[in-house]
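Report on the structure given below.
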Amino acid sequence: MLFRDSAATVAAEALSGALFFRLTEQFAHVHGHKPGASEVRSWERSIPVLAGALNDAGLGQVEMLLEYGLPLSSKRADAVLAGVHPETGLPSYVVVELKQWRKAELDDDDPSLCRPPAYKQAVLNPADQVRGYCEYLISFNGTLAAHPERVSGAAYLHNADQSDVARLFETEQNQYGQLFIGARRGEFIDFLRTKLGPGSGASAADELVSGKVGPSRQLMAVAAEEVREREQFVLLDEQRIAYRKVLNAVRRAKRSDHKEVVIVTGGPGTGKSVIALSLLGELYRQGTTTLHATGSSAFTKTMRKIAGARKREVQELFKYFNGFMTAERNNLDVLICDEAHRMRKTSANRYTSAANRTGKAQVEELIDAARVPVFLLDEHQVVRPGEMGTVAEIKAAAAKKGLTCQEVSLDTQFRCGGSDAYLRWVVRLLGLEGNGPVAWEPDGKMRLLLADSPAEMEAFLDSRRAQGYSARMSAGYCWKWTKKISPGQALPADVVIGEWERPWNVFGERAVGDAPPAALWATDPAGFGQVGCVYTAQGFEYDWSGVIIGPDLVWRGDEWVTDRTASKDPIFQKSTSDADVTRLIRNTYKVLLTRGMIGTVVYSTDPETREHLRELTGAASSFATV
């Protein structure tokens, strides 16, 4: 959170102007950049309104937790109010979403989405938005998980009149999501009095802040339940909008017998695959003909194994992009194309029969296959030559066919403990954005440690596993990879750094001894002890990530130097330009450095690079601080 104090103090600080200076200062410390002018204006116009309502209700001792960060997420609730319940005397919490809107209309006859005049895109109904925050907090904060009845949610449109937002009230109103407007301010004050008493909320706030953060709902661990039976993921804000956009598109396609394309873009950890699985589960339960497709062998095989463990037909929901060359046009209602940045120019390869070599672009095949093709992608996760899925390409293909195309951008990220600061640090470290590396300033969400040896890294990760956390080691592709293993033979220790040596993960679909097949390396506990590469790590996450930066990327003087001769990756052919190799190697380490949910341990094989990393991280990277 950015600030915490009683409602009486917040009101006084706001009146003097000191509150907004402190919020701005704390925001810059937490996020690594100053807040935008519009965000500061929203604080100035909305926080005093909420503080005033609390004080007028006689609730000046209620604690206001402003810009409260949702655990393991970069999303923030405008305010969480902590106090005691007026009847039970037990801790009571109200999550509040503040809006300055004066008008808003429903979008597409869906009460979950609305469109204020100043917004180009539809957004969530505020009641649904705050309801999602409540459900998410209950899922991830141990204090609230044990007592969900202590949580309430309210959206307060303090500038709105009834006639201008009347249809927003058509959405569901319940304990976690209620809607109030400024024209009926008394109703909001009465609501606050039913949830909070006049006593001090300090102890309740302490209990909430110290509540144990539950383990992240690992994507693969809940996939089976998600697809087969009921929704497990809590979708927030833009995620929920994307989800609703697709369901609305499906409804229109069925009602009007037409096609439209939906594109969902977002960086690593923004929940693209969570949205894909939520959609697949919902559409599957509705009986809507839907398939999930990716260009990732590891992801597809893992989903088939885990989500389809008990039902054979579930396995068949997961396909590859190149499996639609001969698909009948519009035979599917929905095709969910996850990791669409991994699309290729064509599905044909050297094994494709002449009859199936249509010359059609892969993106066209995928669009043709369903009435509602959905593409989820991050253009900055391309790590192999030939991967070419972009928003522009999809839109061009849709326009060529005269199809409507909707786009939703995801901003909130859930990987790396929800730390925006860490993700920005990584992309600046690797020179992918900004003006060069910056010092790492711990933000309390993500741990960053440096190891002096791979043995030290492995020992630390193993100690985390002993505490119940998941952990994996991965590396740049700088060592030969023995891919053919004779029956009965153990995996050879291909990754050799001094006296430390470990095998790469298994290559192929069969386990070797206790080591799982490649597709399950990231999700099977037996994957620890082998070193993963970007092709087995991409798309997955684990609590603790160990990353070995090899000699293909070293720091010299004041810049990174890539050495293509140090890479053993067979995809870097002579025809691959030096510029492309440099970009792909840096993208590779970006992927590897953003797999961890709790922390990342880094080791570089190069002494000068290790020293540079030490200068950037300082004492914060010491194992003694863990």
Side-chain angles (χ1 to χ4, degrees), residues 29-33 415-417 419-464 471-476 478-479 495-502 531 534 537 542-563 566-567 582 585-626:
H29 173 71
V30 171
H31 298 285
H33 62 91
R415 192 165 288 151
C416 305
S419 173
D420 283 332
Y422 176 75
L423 287 184
R424 278 195 302 274
W425 183 83
V426 168
V427 296
R428 291 202 61 171
L429 170 73
L430 297 172
L432 297 171
E433 291 180 11
N435 297 316
V438 294
W440 165 243
E441 295 186 11
D443 63 351
K445 291 185 175 183
M446 184 68 178
R447 300 304 310 272
L448 175 63
L449 304 173
L450 300 183
D452 290 323
S453 69
E456 183 181 45
M457 169 192 289
E458 184 177 31
F460 175 81
L461 295 175
D462 203 25
S463 71
R464 300 299 100 172
R472 293 293 183 276
M473 296 179 292
S474 59
C478 298
W479 293 266
V495 182
V496 180
I497 304 172
E499 297 181 354
W500 185 86
E501 52 185 45
R502 291 292 181 272
V531 179
V534 68
Y542 17 88
D543 295 325
W544 281 91
S545 172
V547 179
I548 299 172
I549 300 176
D552 59 345
L553 185 66
V554 296
W555 185 262
R556 293 291 180 265
D558 59 356
E559 64 180 357
W560 288 107
V561 175
T562 52
D563 181 0
S567 175
T582 294
I585 286 176
R586 294 189 191 208
N587 281 353
T588 291
Y589 284 112
K590 178 194 173 186
V591 170
L592 297 183
L593 288 166
T594 54
R595 299 303 94 193
M597 289 292 293
I598 295 175
T600 300
V601 185
V602 182
Y603 170 75
S604 171
T605 59
D606 177 68
E608 188 173 333
T609 305
R610 286 200 301 274
E611 181 58 32
H612 175 61
L613 293 172
R614 189 71 66 189
E615 291 173 357
L616 291 175
T617 57
S621 64
S622 170
F623 284 97
T625 63
V626 181

### Message
The criterion is side chain to side chain contact (heavy atoms under 4.5 Å, CB included); which residues satisfy it with T588, sequence neighbours excluded?
### Response
V383, V534, L592

### Query
Between I549 and V602, does a side-chain contact (heavy atoms from CB on, under 4.5 Å) hold up when you go through it step by step?
CA-CA 7 Å; I549 300 176; V602 182; 3.8 Å; yes

### Spacing of CZ belonging to R614 relative to OG1 belonging to T609, to within rounding of 0.5 Å
13.0 Å

### Query
With side chains defined as the heavy atoms from C-beta onward, is the minimum distance between L429 and L613 less than 4.5 Å?
yes

### Task
To the nearest 0.5 angstrom, please state how far the OG1 atom of T617 sits from the CD atom of E441.
12.5 Å

#### Entry: Donor-acceptor contact below 3.5 Å, side chain R586 vs main chain L430
yes

### Task
With the side chain counted from C-beta on, respond yes when L461 and V601 share a heavy-atom pair under 4.5 Å apart, and no when they do not.
yes

### Message
Closer than 3.5 angstrom, by distance alone: can the side chain of R595 be matched with the main-chain N or O of S545 as a donor-acceptor pair?
### Response
no

### Query
Just by modelled atom types, is the G434 backbone N or O under 3.5 Å from a matching donor or acceptor in the R428 side chain?
no

### Message
Please report the interatomic distance CZ(R464) to CG(D543), rounded to the nearest 0.5 Å.
### Response
11.0 Å

### Query
R610 and S604: which non-hydrogen atoms are nearest, and at how many Å?
NH1-O, 2.8 Å

### Query
Around atom CD of E615, are there more than 12 heavy atoms of other residues, nucleotides or ligands at under 6.0 Å?
yes

### Message
Using the ring pair (Phe, Tyr, Trp, His ring centres under 6.0 Å) criterion, which residues pair with Y603? Sequence neighbours excluded.
### Response
none

### Query
Can you tell me how far the SG atom of C478 sits from the CD1 atom of I497, to the nearest 0.5 Å?
9.0 Å

### Task
Mind checking salt bridge (Lys or Arg N to Asp or Glu O under 4.0 Å) for E458 and listing every partner two or more places apart, or none if nothing turns up?
R502

### Message
Could you work out, with side chain to side chain contact (heavy atoms under 4.5 Å, CB included) as the rule, every residue matching A455, not counting sequence neighbours?
### Response
S453, W500

## Note on the structure
So salt bridge (Lys or Arg N to Asp or Glu O under 4.0 Å) across residues 548-557, not counting sequence neighbours, yields R556-D606, R556-E608

### Audit row: W544, L449, side-chain contact (heavy atoms from CB on, under 4.5 Å) steps and yes/no
CA-CA 11 Å; W544 281 91; L449 304 173; 4.0 Å; yes

### Message
Run V547 and T600 through side-chain contact (heavy atoms from CB on, under 4.5 Å) and show every step you take.
### Response
CA-CA 7 Å; V547 179; T600 300; 4.2 Å; yes

### Task
State whether the side chain of T594 and the backbone N or O of K590 hold a donor-acceptor pair below 3.5 Å, judged by distance alone.
yes

### Query
Do you know the tightest heavy-atom contact between Y589 and G476?
OH-CA, 3.3 Å

### Query
Can V495 and E501 be said to form a side-chain contact (heavy atoms from CB on, under 4.5 Å), step by step?
CA-CA 5 Å; V495 182; E501 52 185 45; over 6 Å; no

### Query
If every non-hydrogen atom of M473 is compared with every non-hydrogen atom of M457, which pair is closest and at what distance?
CG-SD, 4.4 Å

### Message
Keeping W440 on the side-chain end and W425 on the backbone end, is there a donor-acceptor pair under 3.5 Å?
### Response
no

### Query
Considering all heavy atoms of both residues, which atom of T605 and which atom of P607 are nearest to each other, and what is their separation?
O-CD, 3.7 Å

### Query
Taking only residues two or more places apart in sequence, or in another chain, which ones meet W560 in a ring pair (Phe, Tyr, Trp, His ring centres under 6.0 Å)?
W555

### Message
Checking side-chain polar atoms at under 3.5 Å, does T562 have a donor or acceptor matched by the opposite partner on T582?
### Response
yes

### Message
Whether the side chain of E456 engages the backbone of D452 through a donor-acceptor N/O pair (distance < 3.5 Å, no angle test) should be reported.
### Response
yes

### Message
Closer than 3.5 angstrom, by distance alone: can the side chain of W479 be matched with the main-chain N or O of V496 as a donor-acceptor pair?
### Response
yes

